[in-house]
**Q** 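My structure is below; once you've seen it, I'll send some questions.
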Amino acid sequence: MVVKVYGSVKAACPQRVLACLLEKGVEFEIVQVDLDEGEHKRPEFLLRQPFGQVPVIEDGDFKLFESRAIIRYYAAKYANQGPNLLGNTLEEKALVDQWLEVEAHNFNDLAFNLVLQLVILPRMGQRSDTALVHNLEQKLEAVLNIYEQRLSKSNYLSGDSFTLADLSHLPALRYLMNEAGMAHLVTQRKHVNAWWDKISSRPAWKKLASLAH
């Protein structure tokens, strides 16, 4: 059965889900939700996602929102299909969960707000807050210094295999590397840069990039 993914292929959170589905070889259909037009805040969409955010998936009669919950679901549902994105042992799975939490609570908020200030607000004709950008950049540098230490000891965040912990970073990192003009945050860190090169070179991510352009 084809999975319906409600959202925009260009938006970061739907990209997280689409990257996972592509890694797992799961067939999907993108149901476009125009964020610029506020379609995600309309009553008909709020029936699917009461907080008015994307993505939402429909898999038969099953509906789910929150991108990290969705990728955990599909990584488990299709555990025997495509790459193992969850880890093998209990300890490996715990490390994947740990770094997913780090991504959600230590990395993503800073990255999102940088993209908001440097990309989204200017597109809307609004000025970015230079002092806030500087503050966010400094905080994200501190986070990525911890990543640099971790990645000096392993090829990927949770160990020596690509997992959801790495995949979940791809959309925001791509925005930082490109539209936001913050590539130096990655390229100036040897191990973070090598990690980015590996994860952004995966066929599933390259296929998603072609869908988004």
**Q** Decide if atom NZ of K206 counts as having more than 12 heavy atoms of other residues, nucleotides or ligands within a radius under 6.0 Å.
**A** no
**Q** Only one of D97, T163, D166 forms a side chain to side chain donor-acceptor pair (under 3.5 Å) with S158, so which one is it?
**A** T163
**Q** For residues S67 and C13, report the shortest heavy-atom separation together with the two atoms involved.
**A** CB-O, 3.6 Å
**Q** For R174 and E179, run side chain to side chain contact (heavy atoms under 4.5 Å, CB included): C-alpha distance rounded to whole Å, both residues' side-chain angles, the deciding distance at 0.1 Å, then the answer.
**A** CA-CA 8 Å; R174 191 204 68 77; E179 290 95 328; 3.0 Å; yes
**Q** Check S168 against P171 and note the closest heavy-atom contact, atom names and distance.
**A**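 Heavy atoms of S168 and P171 come nearest at O-CD, 3.7 Å.
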**Q** Given side chain to side chain contact (heavy atoms under 4.5 Å, CB included), test Y156 with I199 step by step and report yes or no.
**A** CA-CA 9 Å; Y156 299 93; I199 65 176; 3.9 Å; yes
**Q** Judged by atom type as modelled, is there a donor-acceptor pair below 3.5 Å linking the side chain of K4 to the main-chain atoms of D59?
**A**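 No.
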**Q** Apply side chain to side chain contact (heavy atoms under 4.5 Å, CB included) to the pair H169 and L157, showing each step before the final yes or no.
**A** CA-CA 10 Å; H169 287 80; L157 287 172; 3.4 Å; yes
**Q** Can a side-chain donor-acceptor contact be found between N84 and N88 if the only test is distance below 3.5 angstrom?
**A**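 Checked: N88/N84 side chains pair up, N/O donor to acceptor below 3.5 Å.
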**Q** Which pair of non-hydrogen atoms, one from V5 and one from L21, has the smallest distance, and what is that distance?
**A** CG2-CD1, 3.8 Å
**Q** State yes or no: are the ring centers of Y6 and F65 separated by less than 6.0 Å?
**A** no
**Q** What are the two closest non-hydrogen atoms of V133 and L114, and how far apart are they?
**A** O-CD2, 3.7 Å
**Q** Count I, L, V, M, F, W, Y as connected when their side-chain heavy atoms are under 4.5 Å apart, and connections chain through other members. Are V3 and V54 then in the same cluster?
**A** no
**Q** Mind listing the closest non-hydrogen atom pair of H184 and R189 along with its distance?
**A**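 Reported closest heavy-atom pair: O-NH1, 4.2 Å.
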**Q** May I ask you to check whether F162 and W205 place their ring centers less than 6.0 Å from one another?
**A** no
